[in-house]
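The structure presented is a predicted model; accordingly, all values stated were derived computationally and were not measured.
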Amino acid sequence: MTSVHSIVPASGNKPLTSSNSHGHSEEPLFTRYQGNPILTRNDWPYPVNSVFNAGATLLKNGDTLLLCRVENRTGHSHLCAARSVNGVDGWIIDSRPTLMASPREFPEEIWGIEDCRITYVPELDKYAIAYTSFSRGGPGVSLAMTTDFETFERLGVIMQPEDKDAALLPRKIGDYWALIHRPVTTLGAHMWISYSPDLRHWGSHKIMLEARRGGWWDANKIGLCSPPIETARGWLTIYHGVRQTASGSIYRLGLALFDLDSPELCLQRGDSWMFGPEAPYERGGDVSDVVFPCGQTIAADGDTIHLYYGAADSCMAMATGSISACLSWLDTNSHSSS
């Protein structure tokens, strides 16, 4: 394993603020870590093109683990683990890929694996890793289980192409496991939820959040970001919306809240985006104007969110927010229908 030491003191977070036409400062709902980006290709112990879109979890010893998407110079991706005591620096990176595509056993992985979301499942005492498997027919959703991020039980593809942006909920809904995912159908690119008795056979597919139409920031294409956070009020969910412009796409983040016992029911949805590409490492890279979180951790206070996101498909960054602030924001910013 390789250790990465930050040259920026981990002394806190420095807000990136903007001003409106009246000169008033607009404080962000999430505050970027002042040492961003926290991981880049230069930190890796072997040659790679880019490091981004990492799943995140807290290990039982309290350390933070990021399972990063690492794109090599063939254009194919694999997953590699980085561990940190404080979740911002001092990363210990696996010296070789942690989870590689295995196309002989799983042909749907022929062009790599990417963009995982990690869910710790207390009932199983295992971590569920939902990831995109890139097949000849396009991206699909595959699932793997682990207890230690060293050995993995691969369940194979569970959602056929074209489908991605998937995460397992941490507990059963009634008698069934629930998976959020984003198929692309004739209806568009919307967020769906599906149910399974055994994590292998899935059905009861339902749309849970539709992309808006017209001029909205999240028109036509949306998808899940990090796994939903269970709160007393519902499943707090960060999702991405893609705005098509004359110069390309802009990936921004919004919030929605779903019913605890029937998570296909949306209780609240923010009208506006609440976090978007502003910093230089977000505006420029392999894919410019992208912020894309695939994971977060919750601090010991039960409220602070450490959000880990890929920036411009090139590096990893972190921003800090809170559950209570997100719920309050939804109360004052969710008035429209979709």
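For Ile229, the side chain to side chain contact (heavy atoms under 4.5 Å, CB included) partners two or more places apart in sequence, or in a different chain, are Thr231, Leu236, Gln296, Ile298, Ile305, Ile323. Taking Lys126 as the reference, Glu153 meet the salt bridge (charged side-chain N to carboxylate O under 4.0 Å, His left out) condition, with sequence neighbours excluded. Scored by the side chain to side chain donor-acceptor pair (under 3.5 Å) test, Tyr308 finds no partners at all (sequence neighbours excluded). Remark: Arg283 engages Asp289 in a side chain to side chain donor-acceptor pair (under 3.5 Å) (not counting sequence neighbours).
Every pair passing salt bridge (charged side-chain N to carboxylate O under 4.0 Å, His left out) that includes a residue from residues 177-187 is listed here, sequence neighbours excluded: Asp165-Arg182. For residues 49-66, the set of pairs meeting the salt bridge (charged side-chain N to carboxylate O under 4.0 Å, His left out) definition, not counting sequence neighbours, comprises Lys60-Asp125. Identified under the salt bridge (charged side-chain N to carboxylate O under 4.0 Å, His left out) test for residues 295-312, with sequence neighbours left out: none. For the salt bridge (charged side-chain N to carboxylate O under 4.0 Å, His left out) condition, no pair includes a residue of residues 238-265, sequence neighbours left out.
A donor and an acceptor atom, one from each side chain of His205 and Ser194, are located under 3.5 Å apart. If you check the side chains of Asp271 and Asn333, you find no donor sitting under 3.5 Å from an acceptor. Between the side chains of Arg41 and Ser50, not a single donor N or O lies within less than 3.5 Å of an accepting N or O.
Summarising the geometry of Cys266 relative to Leu209, their closest heavy-atom pair is SG-CD1, 3.9 Å, with the distance given to 0.1 Å. Taking both residues in full, the closest heavy atoms of Ala166 and Val141 are given as CB-CG1, 3.5 Å, listed atom of the first, atom of the second, then distance.
Grouped by direct or indirect side-chain proximity (heavy atoms under 4.5 Å, Ile/Leu/Val/Met/Phe/Trp/Tyr only), Phe52 sits alone. Using a 4.5 Å cut-off between side-chain heavy atoms of Ile, Leu, Val, Met, Phe, Trp and Tyr, Val242 falls into a hydrophobic cluster with Tyr251, Val287, Val290, Phe292. When hydrophobic residues (I, L, V, M, F, W, Y) are linked wherever their side-chain heavy atoms come within less than 4.5 Å, the members clustered with Leu99 are Leu59, Leu65, Leu67, Leu79, Ile113, Ile118, Tyr120, Tyr127, Ile129, Tyr131, Phe149, Phe152. Taking a 4.5 Å side-chain heavy-atom cut-off between Ile, Leu, Val, Met, Phe, Trp and Tyr, the cluster of Ile110 extends to Trp111, Phe134.
Counted within 6.0 Å of CZ on Arg171, heavy atoms from surrounding residues, nucleotides or ligands total more than 12; the atom is thus considered enclosed.
For the side chain to side chain donor-acceptor pair (under 3.5 Å) with Asn49, the qualifying choice from Asn72, Asp286, Thr74, Asp313 is Asp286, the only one to do so. Of the residues listed (Glu109, Glu108, Glu105), the one engaging Arg154 in a salt bridge (Lys or Arg N to Asp or Glu O under 4.0 Å) is Glu109, and it is the only one.
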Open item on the list: As a quick check of understanding, evaluate side chain to side chain contact (heavy atoms under 4.5 Å, CB included) for Gln268 and Phe258, giving each step before the final call.
Closed with: CA-CA 7 Å; Gln268 291 177 293; Phe258 297 89; over 6 Å; no
